[in-house]
Amino acid sequence: MRLLIADDDKTSRTMLEAISRVWGFEPILAEDGEIAQEILKQDNPPRLVLLDWEMPKLDGIALCKWVRETQSRNPAYIILLTGRHETRDIVTGLNAGANDFVTKPFDNAELQARLRVGRRMLELQTEVLEIHGQLQFQASHDPLTGLLNRGAVLENLEKELARSQRDKSTLGIALCDIDHFKGINDNHGHLVGDDVLRELSRRVVGTLRPYDHIGRYGGEEFLVVVNEQDHWGPEPFERIRTVVSDSPFQLDGLSLPLSVSIGVTRFSGTANAWDLNELLNTADMALYDAKKNGRNQVVLAA
Ligand SMILES: [Mg+2]
(Lines give C-alpha, C1' and ligand atoms only; values in the text may rest on other atoms or scores of the structure.)
Protein backbone atom coordinates (compact mmCIF):
# COMPACT_ATOMS: atom_id res chain seq x y z
CA MET A 1 0.00 0.00 0.00
CA ARG A 2 1.24 3.47 -0.88
CA LEU A 3 2.03 5.70 2.10
CA LEU A 4 2.32 9.47 1.80
CA ILE A 5 4.94 10.80 4.23
CA ALA A 6 4.79 14.58 4.67
CA ASP A 7 7.52 15.95 6.94
CA ASP A 8 9.71 19.03 6.50
CA ASP A 9 12.55 17.49 8.52
CA LYS A 10 14.87 15.69 6.12
CA THR A 11 16.34 13.27 8.68
CA SER A 12 12.91 12.27 9.90
CA ARG A 13 11.63 11.92 6.31
CA THR A 14 14.53 9.69 5.26
CA MET A 15 14.16 7.54 8.33
CA LEU A 16 10.39 7.13 7.86
CA GLU A 17 10.94 6.30 4.21
CA ALA A 18 13.45 3.54 5.00
CA ILE A 19 11.51 1.99 7.84
CA SER A 20 8.12 2.06 6.10
CA ARG A 21 9.68 0.31 3.11
CA VAL A 22 10.91 -2.43 5.44
CA TRP A 23 7.33 -2.72 6.75
CA GLY A 24 6.04 -3.32 3.23
CA PHE A 25 4.65 0.12 2.33
CA GLU A 26 5.49 2.11 -0.80
CA PRO A 27 6.53 5.52 0.56
CA ILE A 28 5.80 8.74 -1.34
CA LEU A 29 7.59 11.78 0.09
CA ALA A 30 6.52 15.41 0.49
CA GLU A 31 8.73 18.05 2.13
CA ASP A 32 5.94 20.48 2.97
CA GLY A 33 2.15 20.63 3.26
CA GLU A 34 1.60 22.16 -0.17
CA ILE A 35 3.47 19.38 -1.95
CA ALA A 36 1.49 16.83 0.09
CA GLN A 37 -1.73 18.58 -0.96
CA GLU A 38 -0.72 18.43 -4.64
CA ILE A 39 -0.09 14.69 -4.32
CA LEU A 40 -3.49 14.20 -2.66
CA LYS A 41 -5.18 16.15 -5.48
CA GLN A 42 -3.94 13.70 -8.13
CA ASP A 43 -6.12 10.94 -9.54
CA ASN A 44 -6.01 7.83 -7.41
CA PRO A 45 -3.99 9.43 -4.59
CA PRO A 46 -2.34 7.46 -1.75
CA ARG A 47 -4.93 6.80 0.96
CA LEU A 48 -2.65 6.21 3.93
CA VAL A 49 -1.01 9.44 5.12
CA LEU A 50 1.62 10.13 7.76
CA LEU A 51 1.46 13.84 8.40
CA ASP A 52 3.82 16.04 10.38
CA TRP A 53 2.00 18.77 12.36
CA GLU A 54 4.54 21.56 11.98
CA MET A 55 5.40 22.18 8.34
CA PRO A 56 5.96 25.34 6.29
CA LYS A 57 3.32 26.70 3.85
CA LEU A 58 0.52 24.39 4.94
CA ASP A 59 0.69 22.63 8.30
CA GLY A 60 -0.67 19.20 9.17
CA ILE A 61 -3.81 20.56 10.84
CA ALA A 62 -4.77 22.69 7.82
CA LEU A 63 -4.12 19.74 5.51
CA CYS A 64 -6.28 17.43 7.67
CA LYS A 65 -9.15 19.91 7.47
CA TRP A 66 -8.74 20.24 3.70
CA VAL A 67 -8.80 16.45 3.25
CA ARG A 68 -12.01 16.14 5.31
CA GLU A 69 -13.67 18.91 3.32
CA THR A 70 -12.71 17.56 -0.11
CA GLN A 71 -12.55 13.77 0.18
CA SER A 72 -15.92 12.30 1.03
CA ARG A 73 -16.27 9.09 -0.93
CA ASN A 74 -13.05 7.21 -0.18
CA PRO A 75 -11.28 9.39 2.38
CA ALA A 76 -7.63 9.10 3.40
CA TYR A 77 -6.58 7.63 6.73
CA ILE A 78 -4.39 10.22 8.42
CA ILE A 79 -1.90 9.67 11.23
CA LEU A 80 -0.67 12.97 12.66
CA LEU A 81 2.96 13.04 13.78
CA THR A 82 4.08 15.64 16.29
CA GLY A 83 6.26 16.55 19.24
CA ARG A 84 3.15 17.88 20.99
CA HIS A 85 1.61 15.58 23.52
CA GLU A 86 -0.74 17.73 25.59
CA THR A 87 -4.31 16.45 25.67
CA ARG A 88 -5.60 19.66 24.11
CA ASP A 89 -3.17 19.21 21.17
CA ILE A 90 -4.42 15.70 20.61
CA VAL A 91 -8.00 16.99 20.72
CA THR A 92 -7.14 19.72 18.19
CA GLY A 93 -5.58 17.16 15.84
CA LEU A 94 -8.46 14.72 16.05
CA ASN A 95 -11.01 17.51 15.63
CA ALA A 96 -9.20 18.67 12.50
CA GLY A 97 -9.84 15.24 11.04
CA ALA A 98 -6.82 13.09 11.92
CA ASN A 99 -7.65 9.41 12.47
CA ASP A 100 -4.75 8.78 14.79
CA PHE A 101 -1.89 10.48 16.58
CA VAL A 102 1.74 9.49 17.18
CA THR A 103 4.06 11.65 19.28
CA LYS A 104 7.69 12.22 18.42
CA PRO A 105 10.10 10.73 19.24
CA PHE A 106 8.04 7.72 18.33
CA ASP A 107 8.52 4.08 19.13
CA ASN A 108 9.03 2.01 15.97
CA ALA A 109 6.81 -0.86 17.07
CA GLU A 110 4.01 1.55 17.96
CA LEU A 111 4.21 3.39 14.65
CA GLN A 112 4.21 0.10 12.74
CA ALA A 113 1.15 -1.10 14.70
CA ARG A 114 -0.73 2.16 14.02
CA LEU A 115 0.10 2.02 10.30
CA ARG A 116 -1.25 -1.53 10.25
CA VAL A 117 -4.50 -0.35 11.82
CA GLY A 118 -4.71 2.32 9.13
CA ARG A 119 -4.16 -0.22 6.38
CA ARG A 120 -6.83 -2.51 7.86
CA MET A 121 -9.34 0.35 8.06
CA LEU A 122 -8.67 1.34 4.44
CA GLU A 123 -9.07 -2.24 3.24
CA LEU A 124 -12.43 -2.44 5.03
CA GLN A 125 -13.46 0.91 3.56
CA THR A 126 -12.66 -0.34 0.04
CA GLU A 127 -14.70 -3.50 0.63
CA VAL A 128 -17.70 -1.51 1.87
CA LEU A 129 -17.52 0.80 -1.15
CA GLU A 130 -17.42 -2.18 -3.52
CA ILE A 131 -20.46 -3.76 -1.88
CA HIS A 132 -22.24 -0.41 -1.98
CA GLY A 133 -21.56 -0.12 -5.71
CA GLN A 134 -22.85 -3.65 -6.33
CA LEU A 135 -26.02 -2.95 -4.34
CA GLN A 136 -26.61 0.27 -6.25
CA PHE A 137 -26.27 -1.62 -9.53
CA GLN A 138 -28.59 -4.39 -8.36
CA ALA A 139 -31.19 -1.88 -7.19
CA SER A 140 -31.38 -0.23 -10.60
CA HIS A 141 -30.84 -3.13 -13.04
CA ASP A 142 -32.75 -6.15 -14.23
CA PRO A 143 -30.67 -9.22 -13.26
CA LEU A 144 -31.67 -11.27 -16.32
CA THR A 145 -30.91 -8.81 -19.12
CA GLY A 146 -28.59 -6.37 -17.34
CA LEU A 147 -30.80 -3.52 -18.61
CA LEU A 148 -32.24 -0.85 -16.33
CA ASN A 149 -35.22 -2.08 -14.37
CA ARG A 150 -38.66 -0.49 -14.52
CA GLY A 151 -38.07 1.99 -11.68
CA ALA A 152 -34.72 3.14 -13.03
CA VAL A 153 -35.82 3.57 -16.66
CA LEU A 154 -38.88 5.55 -15.54
CA GLU A 155 -36.58 7.76 -13.48
CA ASN A 156 -34.45 8.34 -16.60
CA LEU A 157 -37.57 9.09 -18.62
CA GLU A 158 -38.60 11.80 -16.14
CA LYS A 159 -35.12 13.36 -16.32
CA GLU A 160 -35.27 13.29 -20.14
CA LEU A 161 -38.71 14.93 -20.12
CA ALA A 162 -37.37 17.76 -17.99
CA ARG A 163 -34.34 18.10 -20.21
CA SER A 164 -36.31 18.09 -23.44
CA GLN A 165 -38.48 20.86 -22.02
CA ARG A 166 -35.34 22.86 -21.22
CA ASP A 167 -33.79 22.25 -24.69
CA LYS A 168 -37.11 22.42 -26.56
CA SER A 169 -36.18 19.07 -28.10
CA THR A 170 -38.41 16.13 -28.94
CA LEU A 171 -38.55 12.79 -27.21
CA GLY A 172 -39.73 9.47 -28.62
CA ILE A 173 -41.12 7.15 -25.97
CA ALA A 174 -41.69 3.56 -27.07
CA LEU A 175 -43.09 0.39 -25.59
CA CYS A 176 -41.74 -2.72 -27.35
CA ASP A 177 -43.33 -6.09 -26.78
CA ILE A 178 -42.08 -9.44 -28.07
CA ASP A 179 -44.68 -11.08 -30.29
CA HIS A 180 -46.01 -14.49 -29.21
CA PHE A 181 -43.56 -14.70 -26.32
CA LYS A 182 -45.87 -16.90 -24.30
CA GLY A 183 -45.63 -19.53 -27.03
CA ILE A 184 -41.84 -19.64 -26.68
CA ASN A 185 -42.09 -20.30 -22.96
CA ASP A 186 -44.85 -22.88 -23.49
CA ASN A 187 -43.14 -24.73 -26.36
CA HIS A 188 -39.46 -24.50 -25.40
CA GLY A 189 -39.43 -23.79 -21.66
CA HIS A 190 -38.56 -20.79 -19.56
CA LEU A 191 -34.79 -21.18 -19.94
CA VAL A 192 -35.11 -20.62 -23.68
CA GLY A 193 -37.49 -17.75 -22.90
CA ASP A 194 -34.77 -16.21 -20.72
CA ASP A 195 -32.21 -16.66 -23.50
CA VAL A 196 -34.57 -14.90 -25.91
CA LEU A 197 -34.88 -11.92 -23.53
CA ARG A 198 -31.10 -11.68 -23.19
CA GLU A 199 -30.39 -12.00 -26.92
CA LEU A 200 -33.13 -9.52 -27.79
CA SER A 201 -31.76 -7.01 -25.29
CA ARG A 202 -28.30 -7.38 -26.78
CA ARG A 203 -29.59 -6.80 -30.32
CA VAL A 204 -31.74 -3.82 -29.41
CA VAL A 205 -29.03 -2.11 -27.35
CA GLY A 206 -26.80 -2.38 -30.43
CA THR A 207 -29.19 -0.10 -32.37
CA LEU A 208 -29.30 2.62 -29.71
CA ARG A 209 -27.02 5.60 -29.24
CA PRO A 210 -25.18 6.14 -25.94
CA TYR A 211 -27.67 8.84 -24.90
CA ASP A 212 -30.81 6.77 -25.55
CA HIS A 213 -32.37 4.78 -22.72
CA ILE A 214 -33.76 1.29 -22.51
CA GLY A 215 -35.15 -0.67 -19.60
CA ARG A 216 -37.08 -3.85 -18.98
CA TYR A 217 -40.56 -2.53 -18.35
CA GLY A 218 -42.35 -5.80 -17.66
CA GLY A 219 -42.06 -9.51 -18.51
CA GLU A 220 -41.39 -9.29 -22.26
CA GLU A 221 -41.94 -5.56 -22.57
CA PHE A 222 -39.24 -2.88 -22.92
CA LEU A 223 -39.36 0.89 -22.59
CA VAL A 224 -37.14 2.85 -24.97
CA VAL A 225 -36.57 6.61 -24.77
CA VAL A 226 -34.97 8.31 -27.75
CA ASN A 227 -33.92 11.93 -27.92
CA GLU A 228 -34.73 13.34 -31.35
CA GLN A 229 -32.62 16.44 -31.92
CA ASP A 230 -33.21 16.87 -35.65
CA HIS A 231 -36.51 15.37 -36.62
CA TRP A 232 -39.19 13.11 -35.34
CA GLY A 233 -39.88 9.84 -37.07
CA PRO A 234 -40.12 6.09 -36.81
CA GLU A 235 -36.49 5.36 -37.91
CA PRO A 236 -34.94 4.53 -34.51
CA PHE A 237 -37.87 2.23 -33.76
CA GLU A 238 -37.82 0.63 -37.22
CA ARG A 239 -34.16 -0.20 -36.53
CA ILE A 240 -35.24 -2.01 -33.36
CA ARG A 241 -37.99 -3.86 -35.21
CA THR A 242 -35.73 -5.03 -38.05
CA VAL A 243 -32.78 -6.03 -35.85
CA VAL A 244 -35.16 -8.48 -34.15
CA SER A 245 -36.99 -9.82 -37.22
CA ASP A 246 -34.13 -9.81 -39.78
CA SER A 247 -32.55 -13.07 -38.63
CA PRO A 248 -33.87 -15.90 -36.46
CA PHE A 249 -32.52 -16.28 -32.93
CA GLN A 250 -30.06 -19.19 -32.73
CA LEU A 251 -30.45 -20.51 -29.19
CA ASP A 252 -29.69 -23.88 -27.71
CA GLY A 253 -29.79 -25.64 -31.07
CA LEU A 254 -33.06 -23.93 -32.00
CA SER A 255 -33.66 -21.41 -34.73
CA LEU A 256 -36.47 -19.10 -33.62
CA PRO A 257 -37.87 -16.40 -35.89
CA LEU A 258 -39.02 -13.54 -33.67
CA SER A 259 -40.55 -10.12 -33.97
CA VAL A 260 -41.55 -7.17 -31.81
CA SER A 261 -44.48 -4.80 -31.89
CA ILE A 262 -43.71 -1.20 -30.98
CA GLY A 263 -46.00 1.63 -29.89
CA VAL A 264 -44.47 5.11 -29.86
CA THR A 265 -45.58 8.43 -28.51
CA ARG A 266 -43.93 11.77 -28.97
CA PHE A 267 -43.24 14.42 -26.40
CA SER A 268 -42.48 17.92 -27.57
CA GLY A 269 -40.28 20.02 -25.30
CA THR A 270 -42.44 23.06 -26.09
CA ALA A 271 -45.27 21.53 -24.04
CA ASN A 272 -45.92 23.22 -20.73
CA ALA A 273 -46.33 20.12 -18.67
CA TRP A 274 -46.53 16.37 -18.94
CA ASP A 275 -48.36 13.54 -17.35
CA LEU A 276 -46.16 10.46 -17.18
CA ASN A 277 -49.08 8.02 -16.98
CA GLU A 278 -50.78 9.66 -19.92
CA LEU A 279 -47.63 9.41 -22.07
CA LEU A 280 -47.21 5.75 -21.17
CA ASN A 281 -50.89 5.06 -21.83
CA THR A 282 -50.64 6.67 -25.25
CA ALA A 283 -47.60 4.51 -26.12
CA ASP A 284 -49.46 1.48 -24.79
CA MET A 285 -52.49 2.19 -26.99
CA ALA A 286 -50.21 2.52 -30.04
CA LEU A 287 -48.65 -0.82 -29.06
CA TYR A 288 -52.12 -2.31 -28.85
CA ASP A 289 -52.82 -1.06 -32.41
CA ALA A 290 -49.54 -2.60 -33.63
CA LYS A 291 -50.59 -5.96 -32.18
CA LYS A 292 -54.10 -5.67 -33.57
CA ASN A 293 -52.85 -4.75 -37.08
CA GLY A 294 -50.78 -7.93 -37.34
CA ARG A 295 -47.66 -7.43 -35.15
CA ASN A 296 -44.03 -6.92 -36.26
CA GLN A 297 -44.65 -3.22 -36.81
CA VAL A 298 -44.12 0.25 -35.41
CA VAL A 299 -47.17 2.42 -34.73
CA LEU A 300 -46.75 6.11 -33.98
CA ALA A 301 -49.51 7.52 -31.81
CA ALA A 302 -51.50 10.25 -33.52
MG1 LIG B 1 7.94 19.57 11.08
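Indexing begins at 1, ligand by ligand and atom by atom, following the structure's order. None of the values given here were measured: they were computed from a predicted structure.
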Participant: Would you say the Mg ion (ligand 1) has D52 as a near neighbour, meaning an N/O/S atom of that residue under 2.8 Å away?
Facilitator: yes
Participant: Search all heavy atoms of A152 against all heavy atoms of S140 and return the closest pair with its distance.
Facilitator: CB-O, 3.3 Å
Participant: For W23 and R119, work out which heavy atoms get closest and say how close.
Facilitator: O-NH2, 4.3 Å
Participant: How large, to 10°, is the angle at the Mg ion (ligand 1) when you draw lines to OD1 on D8 and to O on E54?
Facilitator: 90°
Participant: Between K104 and D52, does at least one N-O distance fall below 4.0 Å, as a salt bridge requires?
Facilitator: yes
Participant: Do we see a donor-acceptor contact under 3.5 Å between the side chains of R216 and N149?
Facilitator: no
Participant: N/O/S of D9 less than 2.8 Å from the Mg ion (ligand 1)?
Facilitator: no
